[in-house]
Amino acid sequence: MKEYDHKKIDPPTLKLRTGKKKMAEYNHLRIEKKWQNIWEKNGIYHANNNSKKPRYFSLIEFPYPSGAGMHVGHIRSNTAMDIISRKRRMEGYNVLYPIGWDAFGLPTENYAIKTGIHPIKVTKDNTDTFRKQLKALGFSFDWSREINTTDPKYYKWTQWIFLQLLKKGLAYKAKMFINWCPSCKIGLANEEVVDGACERCGTVVEKREKEQWMLAITKYADRLYKDLDDVDYLEKIKIQQRNWIGKSLGINVTYPIEGLNKTVTVFTTRPDTNFGATFLALAPDGIFVKENLSFFPNKKGVLAYIKQVNKRTDIERLAEGKKKTGVFTGLYAVNSLNNKKMPMYVADFVLGGVGTGVLVGVPGHDMRDFEFAQEMKLEIVRVVVGPDGDTSPITRKEQVQEDTGTMINSGFLNGIDIHEATKKIMEYMEEKGYGKKVTTYKLRDWVFSRQRYWGEPIPVVHCEKCGVVPVPEKDLPVKLPMVKNYQPTDSGESPLANISKWVNTKCPNCKGEAKRETDTMPNWAGSSWYFLRYVDPKNNKEFASKKNLEYWLTSPQPLSLSRRGGNTGGIDWYNGGMEHTTLHLLYSRFWHKFLYDLKLVPTSEPYMKRTSHGMILGEGGVKMSKSLGNVINPDDIVKTYGADTLRLYEMFMGPFDQSVAWSSDSIMGPRRFLERVWRMSRTVLDMDSKMSRTVLDIKFEMRIHQTIKKVSEDIEAMKFNTAISSLMIFVNEVEKNNFPLSTFHLKTFLQLLSPFAPHIAEELWSILGEKKSINLSTWPKWDENLIKNEEIKIAVQINGKLRAEIMIGADDKEADVQHRVLNNEVVLKHIAGKEIKKVIYVKDRLISIVV
RNA sequence: GCCCGGAUGGCGGAAUUGGUAUACGCGCACGACUUAAAAUCGUGUCUCGUAAGGGAUGUGGGUUCGACUCCCACUCCGGGCACCA
């Protein structure tokens, strides 16, 4: 590549090129291929299921092998966790850093439909491409444990877990309105609908009533919420999950209905304002309306209103803004607190799925209730006085007091703060027998049916006599039939329904005629437990052996890595995208807890630690996408600059947790750095190794120890950018001082570099005469005593302004330093004729004089 | 609307968590090498000023000997949730 002229940089006093073998130029293509082959041949990244070493399980989200191949954004997480994994190996851990493919799902199926190539073949081709790409980057995956969710040997166990859920009543069928994407022709989970549109294709979703398989994740809502306290997740991840689960404490209040021998129950978190309740509003799709419509005096009007509401999609409903509509039912509920008659309305701002599907309107203290009351000309009663002291009737929305204040017009609650009042009235209502404290969650049960081909068949059959019958475990897996046509249907039925040969089967129970379930699982199914399979990927008897699960999830860790708090084990470190926080991350916690309850996994949480990476954007800060033509393919970068450069650049670009824009100019920085590392190593090797060391060598002993500390600590904090910058600083210093580096310290430097740029580090390591892989060497330790500078530059401030800098000895006493400073020429000039009021001394930092 | 982030040179970003703002990298300028270019190496690179010195971390206030960092009020950008009773 390049020939270096180092006449200028080599110190004239040193003997150069002593005839030892000359190092070739830095040829990334040759080196990277060479070491990837050697590593693979020697299996040095294989994890051992029976090791005396402490275990370390590091995990990335397994990729979806799309047809487009990977782009540079996909490997940010892989690189980060590869660095962590490599460091752990060098620290003496038995590391499991696995990889696999999450390959069921729509993109593959759609591509297959478009091209006529079978999804099995598409998946095979795509995984081959991805595997090649990943291997070219030198990740230290244990490839012997590679898994694929579309492999029948794998999805056998996905189906098996489903059967356990079914057995425990957590999988059930329900007829319900689902989000139907008319373009993908598939039902969507709530989590897959974004702004009323399909997350994948952007088409506005429709409501369709359909019988669906559901998973009762809400049964675990409380634990999924509470156990977040015990895990070491990034705070923003915990917050997002908590918001999604949406726990709220409130009370169900039951009101009698006037003239009817019936009651209506309302959920409210604000019973404190109940003296100000003036109406009730019912959700058009709520249970109350469904069950009691025939009793409504204004049945006709209500029916007309519901019909009109149903015509609109969610998008239209929200686009019309906050203008509230509704219709009076003709019924009145009676407020037991004050015997007030509250008219009951049907209104579409009330959601059937929230609380009981009925809300009690307190227009004085809730903005939506206020808007509705204004539209319907309903009474508004003030029961709270806010900090502004306003006690006048509420007629403007600015007066609506929601979050703070003191009660008035509320009988025994008068004068009490609203929060206190909430507690008090809850107890009162429970005592009187018409209130019951409850906790509700925003989280809904998980819609688990998909009407498509390329997914795990749901392993049940429908028998006319026996009903839904699970496929016996011994008959698993229920394999997807090989067919030519898997076009989705408009009817909302799975394409599997057309394959009569497959559908028609015998009931395992009565041996009579039966039909297979034709819905398949969503592609979140396979990823909800995949990490467990890694510990025992070839097991045909169980999804993973107890022994391996226990070793990889719960075997004791050395003190330095064990966590405080209630955590009892799990995967040590899991990094992934924020976009999975309320999907995969939540689903997999749910499945894991379920398996824990069956005593099939040894920990109640799957992941001890979860971090997240920022996206890599295209040049100019826009999203990388095929349509914009700004996708950077890692293959091109690897070819031109090398895998080491790409890895280094991705980690150097900016803070790991923030999004950064790709820059094809900036990548030269890391490339040049590696070339300088190469040259530094060559120069050090060229020099006579027995040459006597000067003062400079002590300086570099200190430097290397500072670098060990910085790199070690920064990797743990995922501050890869500053770790790399400290490596660069080290090389700069060595160059500037004409390479006064011993091979011993050079080797230490290469060890620090190796997690980031494993190939070049390994090559130089071997050139320096090491026989064993640098990856199996011991991570260097720093000595605090060697880090300390003997001389320190401190700042001198006068009235907060920097006026001078002085050098002091590390052990100089404060009094001596002060004395020197106060006699400093510059300082004297600035304090002349003034009285010194105060002197502040910050050790090793500065001295601040106030005059 | 609510909840999280974020704003620092021409650009990506750093700052020991209250202690010398702009590390490291990119880019740019000049110089060396070269017939020349590229590459490489060296020097410089926030800003006003000849200098002494002054001003700069989105805006405006505050606390402090000292603020990118803490507090109050705002602006803009990114992400999440959203008629959740």
Side-chain angles (χ1 to χ4, degrees), chain A residues 1-9 194-195 234-244 246-248 250 266-270 273 281 283 317-318 321-322 324 347-351 353-362 366-369 371-372 440-442 578-579 581-582 614-615 617 621 648-649 652-655 657-670 672-673 675-676 679 710 713 719 721-729 732 735-736 793-805 829 837-851:
Chain A
M1 173 153 289
K2 277 152 207 136
E3 195 39 57
Y4 293 100
D5 176 5
H6 48 6
K7 264 180 248 144
K8 283 222 168 318
I9 45 177
V194 177
D195 293 332
L234 241 46
E235 200 50 38
K236 62 175 172 182
I237 296 174
K238 290 192 190 185
I239 290 169
Q240 243 185 65
Q241 283 212 351
R242 284 201 190 101
N243 288 344
W244 187 262
K247 183 175 180 171
S248 60
V266 171
F267 174 75
T268 176
T269 56
R270 294 292 306 277
T273 61
R317 201 166 61 85
L318 292 169
K322 301 222 163 162
K324 301 281 185 290
D348 76 338
F349 79 97
V350 185
L351 307 173
V354 177
T356 61
V358 185
L359 75 73
V360 52
V362 184
D366 182 288
M367 197 53 80
R368 293 155 308 177
D369 296 356
E371 286 163 358
F372 187 73
T440 61
Y441 299 91
K442 283 199 225 174
M578 279 309 286
E579 70 274 19
T581 304
T582 55
M615 269 201 299
L617 304 168
L648 209 53
Y649 174 56
F652 184 64
M653 293 172 86
D657 59 349
Q658 277 169 42
S659 26
V660 253
W662 182 266
S663 159
S664 32
D665 286 334
S666 294
I667 196 169
M668 271 316 290
R672 283 187 199 131
F673 167 68
E675 287 174 15
R676 285 162 62 213
R679 185 181 55 214
K710 180 80 180 146
E713 292 179 346
K719 287 159 81 174
N721 52 338
T722 49
I724 292 166
S725 120
S726 75
L727 292 170
M728 289 172 167
I729 290 169
N732 290 350
E735 280 183 355
K736 214 170 240 146
K793 189 167 77 176
I794 68 163
V796 181
Q797 289 183 352
I798 297 167
N799 286 347
K801 290 225 175 284
L802 179 70
R803 294 299 176 188
E805 288 170 339
K829 201 180 92 193
K837 294 197 186 102
K838 208 166 159 189
V839 178
I840 298 138
Y841 180 69
V842 183
K843 200 172 175 325
D844 297 351
R845 290 276 152 231
L846 55 67
I847 187 157
S848 181
I849 301 162
V850 187
V851 291

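Below, read A as the first sequence line, B as the second, and so on, with proteins coming before strands; counting in each chain starts at 1.
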Taking syn as within 90° of 0 and anti otherwise, name the glycosidic form of G9(B).
syn

Report yes if some heavy atom in the side chain of Lys829(A) is under 4.5 Å from a heavy atom in the side chain of Arg803(A); otherwise report no.
no

Residue set satisfying side chain to side chain contact (heavy atoms under 4.5 Å, CB included) with Lys793(A), at least two apart, ordered chain then number -> Glu805(A), Met807(A)

Looking at Lys801(A), I'd like to know whether one of its side-chain N or O atoms comes within less than 4.0 Å of OP1 or OP2 on G55(B).
yes

Is the NZ or CZ atom of Lys324(A) both under 6.0 Å from the centre of the six-membered ring of Phe372(A) and within 45° of that ring's axis?
no

Using Watson-Crick geometry (N1-N3 plus N6-O4 or O6-N4) or G-U wobble (N1-O2, O6-N3), each under 3.5 Å, C65(B) is paired with G19(B)

Syn/anti label of U50(B) as read from its glycosidic torsion, with the cut at 90° from 0:
anti

In this structure, how many angstroms lie between the C1' atom of G5(B) and the CE atom of Met615(A), rounded?
14 Å

Rounding to an integer number of Å, can you tell me how far Arg242(A) CZ sits from C4(B) C1'?
13 Å

Give the rounded distance in Å between these two atoms: CD1 of Ile724(A) and P of C26(B).
13 Å

Quick one: ring pair (Phe, Tyr, Trp, His ring centres under 6.0 Å) partners of Tyr649(A), sequence neighbours excluded?
Trp662(A)

Measure from the side-chain heavy atoms of Asp665(A) and tell me the nearest of C65(B), C26(B), G54(B).
C26(B)

For residues Leu359(A) and Asp369(A), determine if any side-chain heavy atom of one lies less than 4.5 Å from a side-chain heavy atom of the other.
yes

Which nucleotide sits closest to the side chain of Ile729(A): G25(B), G80(B), A23(B)?
A23(B)

Would you mind pulling out the nucleotide paired to G5(B), Watson-Crick or G-U wobble, both distances under 3.5 Å?
C77(B)

Does Arg672(A) put a side-chain nitrogen or oxygen below 4.0 Å from OP1 or OP2 of A39(B)?
no

From NZ of Lys736(A) over to C1' of U43(B), roughly how many Å is that when rounded to an integer?
11 Å

Would you please name every residue forming a side chain to side chain donor-acceptor pair (under 3.5 Å) with Asn243(A), sequence neighbours left out?
none

Side-chain N or O of Lys838(A) closer than 4.0 Å to phosphate OP1/OP2 of C65(B)
yes

May I have the distance from Glu579(A) (atom CD) to C4(B) (atom C1'), rounded to whole angstrom?
16 Å

Under 3.5 Å, side chain of Gln241(A) to main-chain N/O of Thr581(A), donor-acceptor pair present?
yes

Check: protein-nucleotides 46-52 of chain B nitrogen or oxygen pairs below 3.5 Å:
none

Partners meeting side chain to side chain donor-acceptor pair (under 3.5 Å) with Ser725(A) (sequence neighbours left out):
none

P gap between A21(B) and G27(B), integer Å:
29 Å

With the sugar-phosphate defined as primed atoms, P, OP1 and OP2, and the base as all remaining atoms, what B/S/- string results for nucleotides 8-21 of chain B, 5' to 3', for protein heavy atoms under 4.0 Å?
----BSSSB--BB-

Are Asn732(A) and G25(B) close enough that a side-chain N or O sits under 4.0 Å from OP1 or OP2?
yes

Got a donor-acceptor pair under 3.5 Å from the side chain of Lys442(A) to the base of C81(B)?
no

Rounded to whole Å, please give me the gap between CD in Glu235(A) and C1' in G80(B).
15 Å

Can you list everything that forms a side chain to side chain contact (heavy atoms under 4.5 Å, CB included) with Val660(A)? Sequence neighbours excluded, please.
Arg76(A), Met653(A)

Which residues satisfy the side chain to side chain contact (heavy atoms under 4.5 Å, CB included) test with Arg845(A), sequence neighbours excluded?
Val842(A)

Please report the distance, rounded to the nearest Å, between CZ in Phe349(A) and C1' in G1(B).
16 Å

Mapping Ile849(A) and Tyr441(A) to their closest nucleotides on RNA chain B, which lands nearer the 5' end?
Ile849(A)

Please name the nucleotide paired to A51(B) by Watson-Crick or G-U wobble geometry with both distances under 3.5 Å, or report none.
none

Look at the side chain of Gln240(A) and decide which nucleotide, out of C24(B), G80(B), A85(B), has an atom nearest to it.
G80(B)

G66(B), OP1 or OP2 - any side-chain N/O from Arg803(A) closer than 4.0 Å?
no

Could you work out the separation of U59(B) and A7(B) based on their C1' atoms and round it to a whole Å?
12 Å

Which comes earlier along RNA chain B counting from the 5' end, the contact point of Ser663(A) or that of Asp369(A), where each point is its nearest nucleotide?
Ser663(A)

Counterpart base for A29(B), defined by Watson-Crick or G-U wobble contacts under 3.5 Å
U43(B)

Taking side chain to side chain contact (heavy atoms under 4.5 Å, CB included) as the definition, give me every residue that meets it alongside Asn799(A), ordered by chain and number, with sequence neighbours left out.
Val850(A), Val851(A)

Watson-Crick or G-U wobble partner of A82(B), both distances under 3.5 Å:
none

What's the CD-P distance between Glu371(A) and A85(B), to the nearest Å?
16 Å

